[in-house]
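What follows is one structure encoded as structure tokens, with my remarks underneath.
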Amino acid sequence: MQTRLFRAVGWSSAAVLAVLGVAVFFLVLTPVKDAALPTRNKYGLVFDAGSTHTALYIYRWPADKANGTGIISQVEVCTVSGPGISSYADNATGAGASLKPCLDKAMAIIPVEQQRETPTYLGATAGMRLLREQNSTKAEQVFAEVSKAIAEYPVDFRGAQVLTGNEEGSFGWITVNYLLETLVKFSFAEKWEHARDTEVLGALDLGGASTQITFQPGVTIEDKNTSVFFRLYGTNYSLYTHSYLCYGQTQALKMLLAALHQAFSGLYHNLHFLNLTRGQSLSSVQATIRQFCTSSWEKVQKEFPTEKRDHLRDTCAASSYTLTLLVQGYRFNHTTWLNIHFVRQVANIDVGWTLGYMLNLTNMVPSEIPQRVTGLKRSNWTAATVLLAIMLILIFSLLTVICCQKNPSGYEML
Ligand SMILES: *[C@@H]1O[C@H](CO)[C@@H](O)[C@H](O)[C@H]1NC(C)=O
Ligand SMILES: *[C@@H]1O[C@H](CO)[C@@H](O)[C@H](O)[C@H]1NC(C)=O
Ligand SMILES: *[C@@H]1O[C@H](CO)[C@@H](O)[C@H](O)[C@H]1NC(C)=O
Ligand SMILES: *[C@@H]1O[C@H](CO)[C@@H](O)[C@H](O)[C@H]1NC(C)=O
Ligand SMILES: *[C@@H]1O[C@H](CO)[C@@H](O)[C@H](O)[C@H]1NC(C)=O
Ligand SMILES: *[C@@H]1O[C@H](CO)[C@@H](O)[C@H](O)[C@H]1NC(C)=O
């Protein structure tokens, strides 16, 4: 009689335990549903204070996914009117004032409640590098004024600094490889995967007053001045990077360069106007430039009737200069030329140092591969905890019943 009672209690407890166990199993394994909460965006602002002009880049990404690639978007690029900040050497307050229209624009884009947490940087390149060499007092005054102007806005301003040529090259390299997902890729298998080293791209850049080359040479670099080392997503990168100041010795070259960079600068822009960025052979590029440069002014104007006269006037100089830089400067030949891809943007994001700079300073390209954290929905977690507690109580009651009963047959059923 007593044995049968114990046996019944035993079986029903075992059944309840089994059901609870299955329930906990499902609760824990049910994937987390996308939260119904609206995705919160984060914003970042980077001023690119170049030698000829300043631009403000406004980036946005979902707050919870910053470590993935392909999710940062460029919301806006605001071009500051007037010259680069280094031109305000004798009127430093003017430099600060010039940034305000773009900051106003950014404040209109970024929701008020997010402005205070928006990291904001100003990076200056060759123009300020030169000014600092000429008169560091003046450079400091310009920096003080632009910092003062930015600090008047409710953003998380993290400072203005001059980037070294090597930094400019390195951050450009990070931008390109981040956007092309050659550093790390979030695969379809929902895992972070490395692209093979050979797929990492080099970066070439022509700015207003300097040009940078950065690539992974695959051999040890003896000269510490041209080597940079960093660890991204668990991989060590040892890069060669070199920045050349373009301002030459002669006044003529200075004037030519000043003219080249009035419109837009860059390898892409200088060749794109003549439709030379589509992967043509070096001979065909040379032929097109030669033909353009030997055309009469009347013919050129007829061919490009809508183009601004100034731009048209400088096109021959700009494209010849670019070709000379690549062939005689960087020594690209007919074969290696075909490896150059001229791009202005990748995934609607401008290729330049600004994104890489922000990614690095906000720790969005970590040195180790991020761990994937699997989350449980709060309600599932609560339910699983309650069920586990009930199971524990049942197990304890069962054990108590079993050890307190004298009839050893009670052990058989379990
Ligand atoms: C640098 O600029 C400051 C202030 O503008 C001036 O007083 C100083 O003489 C300049 N120094 C040099 C070396 O030109
Ligand atoms: C590295 O840079 C320093 C300072 O600019 C210079 O004195 C030195 O000669 C450079 N070294 C090499 C190997 O170019
Ligand atoms: C990468 O660099 C770190 C130092 O930052 C070093 O400890 C590690 O051994 C390097 N790994 C490889 C594979 O070279
Ligand atoms: C540019 O080049 C491509 C092919 O090289 C050609 O199809 C296209 O028509 C060219 N565009 C202009 C505006 O010349
Ligand atoms: C990125 O920033 C860190 C400081 O946050 C710095 O130590 C590191 O050298 C930077 N990386 C590059 C490539 O400049
Ligand atoms: C990205 O991952 C690193 C390392 O796992 C972490 O420290 C960092 O906070 C993450 N960044 C964001 C914005 O989530």
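Any value given below was found using the heavy atoms of this structure, including those in side chains, with hydrogens, waters and symmetry copies removed. Note that ligands are numbered from 1 as they come in the structure, with each ligand's atoms numbered from 1 the same way.
- A donor-acceptor contact shorter than 3.5 Å links the side chain of Q114 to the backbone of N41.
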Exercise for the section: List the steps, then state whether side chain to side chain donor-acceptor pair (under 3.5 Å) holds for N177 with Y237. Expected result: CA-CA 12 Å; N177 287 289; Y237 294 97; over 6 Å; no

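- For residues 115-143, the set of pairs meeting the salt bridge (Lys or Arg N to Asp or Glu O under 4.0 Å) definition, not counting sequence neighbours, comprises R40-E117, D90-K138, R129-E168.
- Contact shell of ligand 3 (protein heavy atoms, cutoff 4.0 Å): F229, R231, N236.
- The ring of F304 has its center closer than 6.0 angstrom to the ring center of F273.
- Distances below 4.0 Å separate heavy atoms of N135 from the following atoms of ligand 1: 1 (C), 2 (O), 3 (C), 8 (C), 10 (C), 11 (N), 12 (C), 14 (O).
- Taking the six-membered ring where tryptophan is involved, the planes of F342 and W337 are tilted, since the angle between them lies from 30° to 60°.
- For Q280 (side chain) and R278 (main-chain N/O), a donor-acceptor pair under 3.5 Å exists by modelled atom type.
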